[in-house]
Novice: 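A single structure is presented below for examination.
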Amino acid sequence: FGIFWFFLTLSIESSIIPIQDVIFEHRLYLPMAGFALVSATVLWQLTKSGKKYIAVMSLLLFLLSGLTVNRNTVWKNESTLWGDVIKKSPNNARAYNNWGLAYSRDNHFEEALKLFDKAIELDPKKIGPYLNKGSIYRKRNEYDKAIALYEKAIELHPSWPEAYSYLGGIYGRTGNLDKAIEYFQMSIDRDPLFVRAYNNIAVAYGRKGDTEREIEYYQKALEIDPGYIDAYGNLGIAYGKKGEQDLALRYLTKSIDLFPNDPDVQYNLGVVYGKTGNQQGLSRQIMVLKKMDREDLAKKLERLSANP
C-alpha cells in the first residue's frame with residue numbers, strides 16, 4: 001500500500017506534461033507518507049527486535065532533526081533561500097532574478113542590480129530582470145535608464161501589458177500625460193482585464209482635467225475587479241471634483257470600509273463633508289486623522305472647517 005500511495009500521489013504533479021520546476025520539495029508532502037510507511041515496515045523486518053527497532057528509529061529521528069534545523073537556516077528569509085539555490089544551481093537565471101527581488105524589497109538596490117544583470121547574462125530572453133531593473137531606476141528617478149529597460153522588455157515580448165503600463169507611469173511622472181495615456185491604452189489593448197492600467201489611465205485623464213473620462217475608466221476598473229480599493233477612493237475624489245458630492249461620499253465611504261488606514265482617503269472624505277456642510281462629519285474626520293498622527297491633513301481640514 002505504501003509503494004502504491006507514493007507513486008499514486010506523485011503522479012498528480014509529475015507526469016508527461018512538461019513543467020517548469022522538475023524538482024520541488026512540496027511535491028513530496030503527500031508521497032512521503034507512503035515512503036515513511038514502507039521505510040518503517042522495512043526497518044522492522046530487518047531488525048526483528050523491538051529494542052533494535054526503537055534504537056534505529058531514535059537515531060534516524062536525531063539525524064533528521066539535525067538536518068531540519070540546518071535547513072531552517074536556509075529558509076531564514078528570501079535572500080538566504082535564493083542564495084542557497086544559486087550555490088546548488090549556479091546557472092539558474094530565475095534564482096538570480098528572485099534573489100535580486102529579495103534585495104530590492106530590502107532597498108539594497110546595488111546588490112539587486114548586479115543579480116538582475118547576472119540573470120540577464122544567463123537568459124537574455126526573459127523579461128523579468130529587465131522589468132525589475134527598470135523598477136529600481138524608476139524609484140531612483142533615473143527615468144532614461146528605466147525607459148530603455150522597459151522598451152527592451154517590450155521588444156522581447158510585445159504582448160506583455162505591464163511593460164507598457166510601467167512606461168505610462170514614467171511619462172505620467174514626468175508630465176507627459178498624452179504619452180502616458182497612449183501607453184496605458186496599449187497596456188489595456190493587450191490585456192483588457194489589467195485593472196491597474198484602467199486606474200492609471202484614469203489618473204492621467206484626471207490630471208489633464210478630463211473628469212468624464214477619468215470617471216469612466218475608474219468605473220471600468222471596478223467592473224473588472226469590484227474589490228480594487230484604489231478605484232473607490234479615486235472615483236470618490238473624481239466625483240467630488242465634478243461637484244457630485246453624494247456619489248463622492250458613497251465611494252469614499254466604501255473605500256474606507258475596505259481600507260480604513262489610508263489617511264488620504266480619510267482626508268478626502270472630510271473634504272466632502274466640508275463641501276456638503278456636514279460639520280459633525282468633518283469634525284469626526286479631523287479626530288480620525290489626529291489619531292493617525294496626520295496633523296498636517298487634520299490642520300487642512302480645520303482650515304476648511306473655519307472657512308466653510
Side-chain angles (χ1 to χ4, degrees), residues 6-7 9-33 35 63-167 169-170 187 190-191 194 196:
F6 180 84
F7 286 106
T9 52
L10 192 62
S11 68
I12 296 172
E13 292 192 79
S14 300
S15 64
I16 61 172
I17 300 173
I19 53 179
Q20 185 175 12
D21 299 297
V22 179
I23 299 174
F24 218 133
E25 64 184 32
H26 67 244
R27 294 202 184 101
L28 287 174
Y29 290 165
L30 278 175
M32 283 301 290
F35 179 79
L63 291 173
L64 292 173
S65 297
L67 290 171
T68 300
V69 171
N70 182 63
R71 187 65 181 166
N72 284 341
T73 62
V74 172
W75 284 83
K76 181 181 178 181
N77 54 50
E78 280 189 282
S79 185
T80 56
L81 176 61
W82 290 112
D84 183 71
V85 172
I86 288 169
K87 285 180 184 177
K88 296 178 171 66
S89 182
N91 294 319
N92 188 327
R94 188 157 68 102
Y96 279 100
N97 181 63
N98 290 343
W99 199 7
L101 282 172
Y103 273 114
S104 180
R105 279 190 277 268
D106 291 334
N107 295 323
H108 296 151
F109 294 138
E110 291 304 323
E111 295 88 342
L113 288 171
K114 292 175 183 176
L115 292 166
F116 293 141
D117 284 337
K118 184 64 177 178
I120 291 170
E121 177 188 329
L122 290 170
D123 192 349
K125 293 185 178 181
K126 291 288 186 182
I127 69 169
Y130 295 101
L131 296 177
N132 295 331
K133 278 189 71 177
S135 295
I136 290 177
Y137 287 126
R138 176 169 50 87
K139 290 176 184 176
R140 301 200 314 195
N141 297 330
E142 297 181 51
Y143 296 130
D144 290 341
K145 291 181 179 179
I147 288 171
L149 286 160
Y150 292 144
E151 288 178 343
K152 179 63 177 180
I154 289 172
E155 178 188 328
L156 291 170
H157 290 275
S159 63
W160 196 262
E162 290 195 18
Y164 296 93
S165 184
Y166 288 142
L167 276 171
I170 289 178
S187 179
R190 282 151 182 80
D191 183 1
F194 188 25
R196 191 167 74 244

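Note that these values count all heavy atoms, side chains included, but never hydrogens, waters or copies made by symmetry. What you see is a predicted model, and the numbers here were worked out from it, not measured in a lab. Here, residue 1 is the first one in the sequence, and each next residue gets the next number.
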Novice: Mind running side-chain contact (heavy atoms from CB on, under 4.5 Å) on Ile147 and Leu167 for me, showing each step along the way?
Specialist: CA-CA 6 Å; Ile147 288 171; Leu167 276 171; 3.9 Å; yes
Novice: List the steps and the verdict of side-chain contact (heavy atoms from CB on, under 4.5 Å) for Ser159 and Tyr164.
Specialist: CA-CA 9 Å; Ser159 63; Tyr164 296 93; over 6 Å; no
Novice: Check Lys118 with Glu121, please: is the shortest side-chain N to carboxylate O separation under 4.0 Å?
Specialist: yes
Novice: Measure across Leu131 and Ala153 and return the closest heavy-atom pair with its distance rounded to 0.1 Å.
Specialist: CD2-CB, 3.8 Å
Novice: For Ile86 and Ala95, work out which heavy atoms get closest and say how close.
Specialist: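 The answer is CG1-CB, 3.7 Å.
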Novice: According to the interplanar angle, ranging from 0 to 90°, do the rings of Tyr103 and His108 count as parallel (below 30°), tilted (30 to 60°) or perpendicular (above 60°)?
Specialist: tilted
Novice: Can you tell me if NZ on Lys114 sees more than 12 non-hydrogen neighbours from other groups inside 6.0 Å?
Specialist: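 Check fails, neighbour count at 12 or below.
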Novice: Counting only N and O atoms by type, is there a donor-acceptor contact under 3.5 Å from the side chain of Ser187 to the main-chain atoms of Pro161?
Specialist: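 At least one qualifying donor-acceptor pair exists.
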Novice: Taking it one step at a time, do Tyr143 and Asn141 satisfy side-chain hydrogen bond (donor to acceptor under 3.5 Å, both in side chains)?
Specialist: CA-CA 5 Å; Tyr143 296 130; Asn141 297 330; 2.9 Å; yes
Novice: Using every non-hydrogen atom in the two residues, find where Arg190 and Pro158 come nearest and quote the distance to one decimal.
Specialist: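 That would be NE-O, 2.9 Å.
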Novice: From Ile136 CD1 over to Lys145 NZ, what is the distance, rounded to the nearest 0.5 angstrom?
Specialist: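 If we round to the nearest 0.5 Å, Ile136:CD1 and Lys145:NZ are 11.5 Å apart.
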Novice: Would you please test Asn77 and Thr80 for side-chain hydrogen bond (donor to acceptor under 3.5 Å, both in side chains) and show each step?
Specialist: CA-CA 6 Å; Asn77 54 50; Thr80 56; 3.3 Å; yes
Novice: Just verifying a value: how many Å separate Trp160 CH2 and Phe194 CZ, rounded to the nearest 0.5 Å?
Specialist: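 If I round to the nearest 0.5 Å, the distance is 10.0 Å.
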Novice: So, Tyr130 side chain and Pro124 main chain: donor-acceptor pair closer than 3.5 Å or not?
Specialist: yes
Novice: State the CG-CH2 distance between Leu115 and Trp99, to the nearest 0.5 angstrom.
Specialist: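 The CH2 atom of Trp99 is 6.0 Å from CG of Leu115, to the nearest 0.5 Å.
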Novice: The test is side-chain contact (heavy atoms from CB on, under 4.5 Å); show your working for Trp82 and Leu101 and say whether it passes.
Specialist: CA-CA 10 Å; Trp82 290 112; Leu101 282 172; over 6 Å; no
Novice: Distance check, rounded to the nearest 0.5 Å: Lys126 atom NZ versus Arg94 atom CZ?
Specialist: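 Reported value, rounded in 0.5 Å steps: 8.5 Å.
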Novice: Determine the minimum heavy-atom distance between Ile120 and Pro129, stating which atoms define it.
Specialist: CG1-CB, 3.5 Å
Novice: What do the steps show when you test Tyr166 against Arg138 for side-chain hydrogen bond (donor to acceptor under 3.5 Å, both in side chains), and what is the final call?
Specialist: CA-CA 9 Å; Tyr166 288 142; Arg138 176 169 50 87; 5.4 Å; no
Novice: Please round to the nearest 0.5 Å and tell me the distance separating atom CG of Asn92 and atom CG of Asp123.
Specialist: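 Answer rounded to 0.5 Å: 10.0 Å.
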Novice: In the structure I gave you, are the side-chain heavy atoms of Asp117 and Lys133 within less than 4.5 Å of one another anywhere?
Specialist: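 Touching, per the 4.5 Å side-chain cut-off.
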Novice: From Phe109 CZ over to Tyr137 OH, what is the distance, rounded to the nearest 0.5 angstrom?
Specialist: 11.5 Å
Novice: Testing the basics here: between Ser79 and Ala102, what is the closest heavy-atom pair and its distance to 0.1 Å?
Specialist: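 For Ser79 and Ala102, the tightest heavy-atom pair comes out as N-CB, 4.0 Å.
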Novice: Heavy atoms only: give me the nearest Ala112-Ser104 pair and the separation to one decimal.
Specialist: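 Shortest heavy-atom separation between Ala112 and Ser104 comes out as CB-N, 3.8 Å.
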Novice: Could you please spell out the steps behind the side-chain contact (heavy atoms from CB on, under 4.5 Å) verdict for Glu78 and Arg105?
Specialist: CA-CA 10 Å; Glu78 280 189 282; Arg105 279 190 277 268; 2.7 Å; yes
